[in-house]
Amino acid sequence: MGHDIAKVRNIGIAAHIDAGKTTVTERILYFTGRTHRIGEVDAGQATMDWMPQERERGITITSAATTTEWKGHRVNVIDTPGHVDFTAEVERCLRVVDGMVALFCAVGGVQPQSEAVWRQAERYHVPRIAFVNKMDRTGADFWGVVREIRDQLGARAAPVVIPIGAEEDFAGLVDLLRMEAIYYREGANGMEIEVAPVPTALAEEAQMARDALLERASEENDQLLEKYLAGELPSVEEVVAALRKATVEGRLIPVLAGSAFRNKGVRRLLDAVVDFLPSPADLPAVVGTWADKEEERQARDDEPLSALAFKVQADRHVGKLTYLRVYSGVLRGGEFVLNAGRDKRQRIGRLFRMHADHREPVEELRAGEVGAAVGLGDTYTGDTLANEERPIVLAPIEFPAPVVDLAIAPARRTDSDKLGRGLADLSAEDPTFVVRPNAETGDVVISGMGELHLEIIVDRLRREFGVEVTTGQPQVAYRETVIGAVEHEGKLVKQTGGHGQYAHVVLRVVPAGPGAGFEFTNKVVGGRVPREYIPAVERGIVEAMAEGPYARFPMVDVHVALLDGSAHDVDSSEQAFRTCAAASFRDACRRAGIRLLEPVMEVEVTVPEADVGAVLGSLAARRGRIVALEPKGKTQIVHAEVPLAAMFGYTTEIRGLTSGRGEFSMRFARYEAVPHALAEEIVARRNTKDAGS
């Protein structure tokens, strides 16, 4: 197929865990002819779940990309994880796709992770269509899910199909655009379809749903509105064009239905991807910056190159594999490009289109395409590759901070180097996986998004890098911040026979808003601190923030202003100012007062009504605050906020309290102050452990 950018669709498939994302993707690959057999997730045979850890657990851990074709359109699909520990995979994919298929379970409806993914998509302005999956399951309720999409997500959901039957009687769909029934032949397990008139029993419901759809479409097109008001029937093409416009502009969510496991509704979903989701050419020009000026790039081959690295992967066969989305221009193998953010010239090695873990070599990647490259040793997630003569830096990808720590060490001392290489490769792949040495204990501390995240990391170290490790207990990633505002003067004066060290700073340290991180401003006037030493002052403060003075946890949400200072013509240096600033900052923090912060999670527990009391009691015992109770069928959803430190081991407890029928999910909400008595206990334990080691 030639490169017609209007016939390219870059889509992500995202949803909460166990909604059927990988199953849908497997059917897409089969029905488009990309694969010749259907890989089942439960059997560990899914094409897109290629990692051993994914096949063993039956869940998606890493996003996987593939390319296929449907009715003359190239469809680049990225299958994303649903587990909250791997939210970074969803984040990076939604940053580079042009459209999203949001999956919802016909029984479970809108789940907590559905809301999280939806918010991520809204932040990146990604047009969406919805697919209500598992219509064959007991308790399936298509219209109930549509209401939840409208009420809980605030979306203008507009069904373009309605189901014929539900649960074990789910037989097919009514296509509201063409007002015809699509039946899936059970004998062929849904592989063959039969088109027939709308069944009489559904005629009224289908007509009402079609009228609502036409009304929405006519709001987007004046000519269509005139026809609608005049009672004339618009053509299918006119309605599709109007719905497409509203979908691309984010004002409408077309809703489809089916049962991917039974092969029902997937081809209609593919039609909807082509009909309603945008090509790169439908979207506004991508915006970036260079030399403090805003730059734009249109999605065309003849524009200067701009491409975003959205994923880095260690590949045992080709080395470092960098996944790229080309926004403009053409990326060719063997050419030199500029890593604009790092100002480094790099040579593109070989280029590939990816099919899960299989690589298909290509000569070039053109505007709007997704692929991978080797040879980019100095390129990391979020970096921009650009034309050397017309550079641009695209907006980076923002990732949440890790919330769980784990101390690890090689089981054999001789494996220290292998462990270091493995951790370096894995942290380059995953921006939410952070590695730092603890100089006092000699441990290596790894940080991630949850217990499962770190469990997978440890398993990959063993399998992929051949390193057996010993681990401590998972620990909460506490933080420190200042309570009050203070001005502090600090001096470093070391006079020796020759060059000494001299630095003098006056700092104001004040609390910044929650989530503000670190802010630094230079208020020095008259050059009392020479300009070349100002960056050294900031670096010294940043280094000091890595280990706070209270309990040696990283510091956050602090604003520091450099008010004044002085320098010596001979004895001052960058190192002197860095050392002085670090010590002065620590002293200022002690005077301002320091508070320990802990991550607080939004927790949602789904339990049978009979067990609600026991669950409320268990959450209260874990320092939880109950936010709301929401009835859902014969169950209750308990919404609570609970410190992460209190949630370790909750999986076992909830199973015991509910005889295995309860389940919960949680996601990071914010950092909050630890109660004083508990904070003192945490600090004492930390000091005792360090003294013992």
Side-chain angles (χ1 to χ4, degrees), residues 3 5 8 10 12 63 65 67 74 76 78 88 91-98 123-126 278-313 318-354 359 361-399 428-429 431:
H3 183 70
I5 198 167
V8 172
N10 295 311
S63 54
T67 299
R74 174 173 289 143
N76 298 314
I78 302 179
E91 193 78 38
R92 65 166 114 222
C93 296
L94 290 180
R95 171 67 176 78
V96 298
V97 297
D98 301 321
R123 187 162 65 249
Y124 292 119
H125 308 291
V126 179
S279 75
D282 295 320
L283 298 172
V286 67
V287 177
T289 57
W290 185 255
D292 296 326
K293 290 183 183 174
E294 194 172 273
E295 298 271 342
E296 284 191 352
R297 295 287 187 271
Q298 300 288 339
R300 297 203 312 260
D301 292 348
D302 57 359
E303 283 269 291
L305 173 70
S306 65
L308 187 73
F310 67 92
K311 181 180 170 83
V312 173
Q313 184 177 305
V318 296
K320 183 177 173 183
L321 197 61
T322 305
Y323 285 72
L324 299 159
R325 160 69 194 266
V326 180
Y327 283 94
S328 63
V330 180
L331 188 68
R332 296 184 176 88
E335 290 191 348
F336 283 93
V337 296
L338 179 70
N339 183 326
R342 301 178 189 274
D343 199 23
K344 285 194 173 182
R345 192 172 191 244
Q346 295 210 265
R347 184 177 180 274
I348 301 290
R350 288 175 292 163
L351 293 172
F352 304 100
R353 282 203 188 94
M354 298 302 297
R359 302 172 303 278
V362 293
E363 296 296 318
E364 61 187 21
L365 293 172
R366 301 171 75 175
E369 293 196 309
V370 174
V374 294
L376 299 173
D378 293 321
T379 296
Y380 299 91
T381 298
D383 286 358
T384 302
L385 300 182
N387 180 288
E388 293 184 88
E389 281 74 44
R390 293 280 305 280
I392 186 174
V393 177
L394 303 176
I397 309 171
E398 295 182 3
F399 295 102
E429 281 187 21

Qualifying residues under side-chain contact (heavy atoms from CB on, under 4.5 Å), relative to R300, sequence neighbours excluded: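 R300: side-chain contact (heavy atoms from CB on, under 4.5 Å) contacts with Q298, D302, E303.
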
Can you sort out the partners of V96 under side-chain contact (heavy atoms from CB on, under 4.5 Å), two or more places apart, ordered by chain and number? I78, L308, F310, R325, Y327

For [X], enumerate each residue passing the side chain to side chain donor-acceptor pair (under 3.5 Å) test, keeping only those at least two apart in sequence or located in another chain.
{"X": "N387", "value": "none"}
{"X": "R123", "value": "E91"}
{"X": "E388", "value": "R345"}

From [X] atom [atom1] to [Y] atom [atom2], the distance as rounded to the nearest 0.5 Å:
{"X": "N339", "Y": "L376", "atom1": "CG", "atom2": "CG", "result": "8.5 Å"}
{"X": "D343", "Y": "L338", "atom1": "CG", "atom2": "CG", "result": "6.0 Å"}
{"X": "Q313", "Y": "L321", "atom1": "CD", "atom2": "CG", "result": "6.0 Å"}
{"X": "S306", "Y": "R390", "atom1": "OG", "atom2": "CZ", "result": "10.5 Å"}
{"X": "K344", "Y": "D378", "atom1": "NZ", "atom2": "CG", "result": "3.5 Å"}

For a quick test of reading the model, state the closest non-hydrogen atom pair linking [X] to [Y] and the distance between them.
{"X": "G341", "Y": "V393", "value": "N-CG2, 4.0 Å"}
{"X": "N10", "Y": "V97", "value": "O-CB, 3.6 Å"}
{"X": "L351", "Y": "A373", "value": "CD2-CB, 3.6 Å"}
{"X": "V370", "Y": "N76", "value": "N-ND2, 4.0 Å"}
{"X": "V312", "Y": "A428", "value": "CB-O, 3.7 Å"}
{"X": "E364", "Y": "E369", "value": "O-OE1, 4.2 Å"}

Tabulate below the donor-acceptor pairs under 3.5 Å that side-chain atoms of residues 283-292 make, not counting sequence neighbours, or state none.
none

Donor-acceptor under 3.5 Å (T322 side chain, A309 main chain):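 Absent.
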
Does S279 use its side chain to pair, donor to acceptor, with the backbone of V8 at less than 3.5 Å?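 Pair absent, no side-chain N/O of S279 close to backbone of V8.
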
Can you confirm whether more than 12 heavy atoms, excluding those of E398, are under 6.0 Å from its CD atom? no

Test side chain to side chain contact (heavy atoms under 4.5 Å, CB included) applied to R74 and T67, step by step: CA-CA 7 Å; R74 174 173 289 143; T67 299; 3.7 Å; yes

Carefully, step by step, assess R332 and L305 under the rule side chain to side chain contact (heavy atoms under 4.5 Å, CB included). CA-CA 10 Å; R332 296 184 176 88; L305 173 70; over 6 Å; no

What's the verdict on side chain to side chain contact (heavy atoms under 4.5 Å, CB included) for L394 and I392, showing C-alpha distance, side-chain angles and the deciding distance? CA-CA 6 Å; L394 303 176; I392 186 174; 4.0 Å; yes

